[in-house]
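Inspection log for the structure reproduced underneath, given as structure tokens.
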Amino acid sequence: MDDRAHPVRGRIATLVKGYPRLSETFIAQEIAGLEARGIDQLIVSLRQPAEGQLHPVHRRIRAEILYLPEYLKDDPQRVRAGRDFAERQPGYEAAREIFEADLARDRTANRHRRFGQACVLARELPGDVRWIHTHYLHTPASVARYAAAILGVGWSFSAHAKDIWTSPDWELRDKLASAAFGVTCTKVNLKQLQGLAADPARVRLVYHGLDLSEVRPPAPHGRKGPFRIVTIGRTVEKKGFGDLVRALARLKHRDWHLDHVGGGPLTERLKAQAARAGIGERITWHGARERDYVFKLLGGADLFVLPSRIARSGDRDGLPNVLMEAQAHRLPVVSTRISAIPELVEDGVTGLLVESRDPAALSAAIARLMNEPALAAALAEAGEARVRAAFSPEPGIDAVARLLRRAAEHQEA
């Protein structure tokens with residue numbers, strides 16, 4: 001049966017940390033895809049939007065949005081009403097036991113905030129919502145788990161990267177045991193989660209892919225001006241942009257320019273680092289930008305670089321969408337051998353990979369593609385072919401739709 005002809009009765013609550021977010025196109029893409037498959041949703045966000053821009057996919061989404069109090073002090077009356085409601089529910093004692101067990105191992109204000117948000121969610125969740133599905137296994141999953149226990153409904157999750165690698169094992173085990181099912185987007189993630197799950201079969205690999213139907217590689221043209229390098233990502237430790245600045249400072253080839261897209265807390269520090277290295281004028285820091293702006297930069301670039309690393313907290317990239325977008329623009333890519341990146345980029349075939357935290361190796365790979373245009377063109381062509389063939393979002397969204405449809409129908413029965 002065509003999933004699009006088999007709508008789900010009632011809605012799914014899709015819980016996210018913040019909505020909309022420019023860096024989480026893959027979540028918006030899934031929400032829109034599920035709507036197209038007859039699964040109506042209520043988006044529940046733990047945070048208010050921090051960016052004033054939208055991607056086109058956000059404008060296609062019809063779902064209502066419920067914003068929970070970001071901090072409990074922001075709306076004490078709403079929080080008190082949520083607690084009063086929750087305490088009257090048959091599932092409250094079970095939810096409270098879960099919360100107290102978590103709090104005993106994590107005595108933080110964050111833990112109290114998540115339980116308070118869960119009480120508000122339990123009170124304000126519309127009666128037609130049949131299931132809670134959360135993106136990320138850290139704080140959003142805590143809210144989902146507590147609220148589901150209060151209301152006596154089921155919940156499930158999509159796990160991605162930071163949520164897996166910065167959460168303690170005890171918490172992941174408890175959530176894996178509580179959730180009806182979960183999906184994750186890389187083989188590396190899957191191995192980690194299945195190793196912690198009492199029932200490994202309840203966690204499945206679902207590549208989220210990327211809608212590349214609107215991406216058209218630019219027509220070949222003779223390059224004028226400097227060699228254009230693009231990198232995209234928030235300026236946080238796991239992205240490794242400090243390594244990229246050091247790598248660029250080593251280049252003997254001086255006719256280049258770097259465009260960086262993305263907000264984040266380390267931007268000013270990186271600007272200062274580039275200035276000290278004498279390359280500050282060769283880098284443009286664009287900040288967070290919408291998809292059309294990013295695609296225009298990619299269309300005019302010669303190379304894409306993503307120097308990902310594992311942060312001291314354990315945080316790391318999963319399978320970065322920006323690599324897929326760069327390859328779809330028929331750009332050669334240079335990245336690192338961490339996490340799931342080798343699942344997308346095959347070294348010497350669809351791009352070049354180096355060890356993380358190695359600016360010398362990163363510089364050498366960049367220089368190689370600057371100096372060997374035939375190799376760069378071959379890697380770019382192979383990368384585009386593979387990303388379009390193997391990383392379409394449709395199979396993954398189909399799989400999530402089937403799982404959610406089955407869960408909602410079982411809940412109704």
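Keep in mind the model is a prediction, meaning the values are calculated, not measured.
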Non-neighbouring partners of F295 that pass ring-ring contact (aromatic ring centres under 6.0 Å, His included), sequence neighbours left out: H329

Residues that W285 engages under ring-ring contact (aromatic ring centres under 6.0 Å, His included), provided they are two or more places apart: H260

Partners passing salt bridge (charged side-chain N to carboxylate O under 4.0 Å, His left out) against E343 (at least two apart in sequence or in another chain): none

All pairs passing ring pair (Phe, Tyr, Trp, His ring centres under 6.0 Å) where residues 21-55 contributes a residue, at least two apart: F26-H160, F26-H208, H55-H58

Close side-chain approach of V120 and D75, heavy atoms under 4.5 Å: no

Under the side-chain hydrogen bond (donor to acceptor under 3.5 Å, both in side chains) test, residues paired with R330 that sit two or more places apart: E384

Under the side chain to side chain contact (heavy atoms under 4.5 Å, CB included) test, residues paired with V236 that sit two or more places apart: R234, K238, K239, P265

Residue list, side chain to side chain contact (heavy atoms under 4.5 Å, CB included) with P393, at least two apart or on another chain: Q29, D211, I397

Those residues that, when tested against A382, pass side chain to side chain contact (heavy atoms under 4.5 Å, CB included) (two or more places apart): T350

Residue pairs passing the ring pair (Phe, Tyr, Trp, His ring centres under 6.0 Å) test where at least one lies in residues 63-88, sequence neighbours excluded: none

Counterpart residues, side chain to side chain contact (heavy atoms under 4.5 Å, CB included), relative to H112 (two or more places apart): F99, L103

Salt bridge present between E409 and R406 (N-O < 4.0 angstrom): no

Sequence-distant partners of D128, salt bridge (charged side-chain N to carboxylate O under 4.0 Å, His left out), two or more places apart: R11

Which residues share a side-chain hydrogen bond (donor to acceptor under 3.5 Å, both in side chains) with D84, sequence neighbours left out: R80

